[in-house]
Amino acid sequence: MAARWSEAELPLFAEAKRINNPDRALQQLADEAKGCTRCPLYKNATQTVFGEGPADAHLMLVGEQPGDQEDLAGRPFVGPAGKVLDRALETAGIARDAVYITNAVKHFKNEPRGKRRIHKKPDTSAGGSTMNSRSCSRMWWWRWARLRPAR
């Protein structure tokens, strides 16, 4: 059963104020994400991979989690999956810079093996990506809902 959280259980909400500028609101979220330690995935990641694109994009694409190349670059979908995405967007006639692209989980889930970091597949255990995806996406979605500009 999925966990249900109240705003009181998420301390980030205590100081949340609605921001009526989409770019500023998104930047505030990105700044807060840089220091996120709410799940253990940050420990093996080099940085937070937040997202990119216009805050007022008509299309948002959300992947599960960043990969090795995304973690190193700090940008979503720049590795092999990004090449597939770029081809798909081109085929559909959609400019990548017109789309907001992000991942539900903001850190690369991996297992260090020597000098390489191997992408860990999602699982549903307490520390698994699916669980991290649930907690990350809930937290950031709710946070965005509090900050999002009124339309």
- Item | Residue pair Q27 / D31, side-chain donor-acceptor N/O under 3.5 Å |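 Side-chain D/A pair, Q27 to D31: present.
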Would you say that [X] contacts [Y] through its side chain, given a criterion of any heavy-atom pair below 4.5 Å between the two side chains?
X	Y	answer
V49	K106	no
V78	L72	no
F108	T46	no
D71	H107	no
L59	Y100	no
I101	V62	no

- Query: Between Q65 and K109, what is the shortest heavy-atom contact and its length?
  - Reply: OE1-CB, 3.0 Å
- Message: So which atom in T48 and which in A33 form the shortest heavy-atom distance, rounded to 0.1 Å?
- Response: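 Distance-wise, the nearest heavy atoms are OG1-O, 3.0 Å.
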- Item | Hydrophobic cluster identity match, F77 and M60, side-chain contacts under 4.5 Å | no
- Separation between CD of Q69 and NZ of K83, rounded to the nearest 0.5 Å: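 Q69 atom CD to K83 atom NZ measures 6.0 Å (nearest 0.5 Å).
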- Query: If you round to the nearest 0.5 Å, how far is CG of L61 from CG of L89?
  - Reply: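 It is 6.0 Å, given to the nearest 0.5 Å.
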- Message: Between E52 and R96, does any side-chain N to carboxylate O distance fall below 4.0 Å?
- Response: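 Answer for the salt bridge query: yes.
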- Message: Under a 4.0 Å threshold between the charged nitrogen and the carboxylate oxygen, would E32 count as salt-bridged to K34?
- Response: no
- Look only at the side chain of N103 and the backbone of V105, and say whether a donor-acceptor pair between them is shorter than 3.5 Å.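 No; judged by distance alone, with no hydrogens or angles, the pair does not exist.
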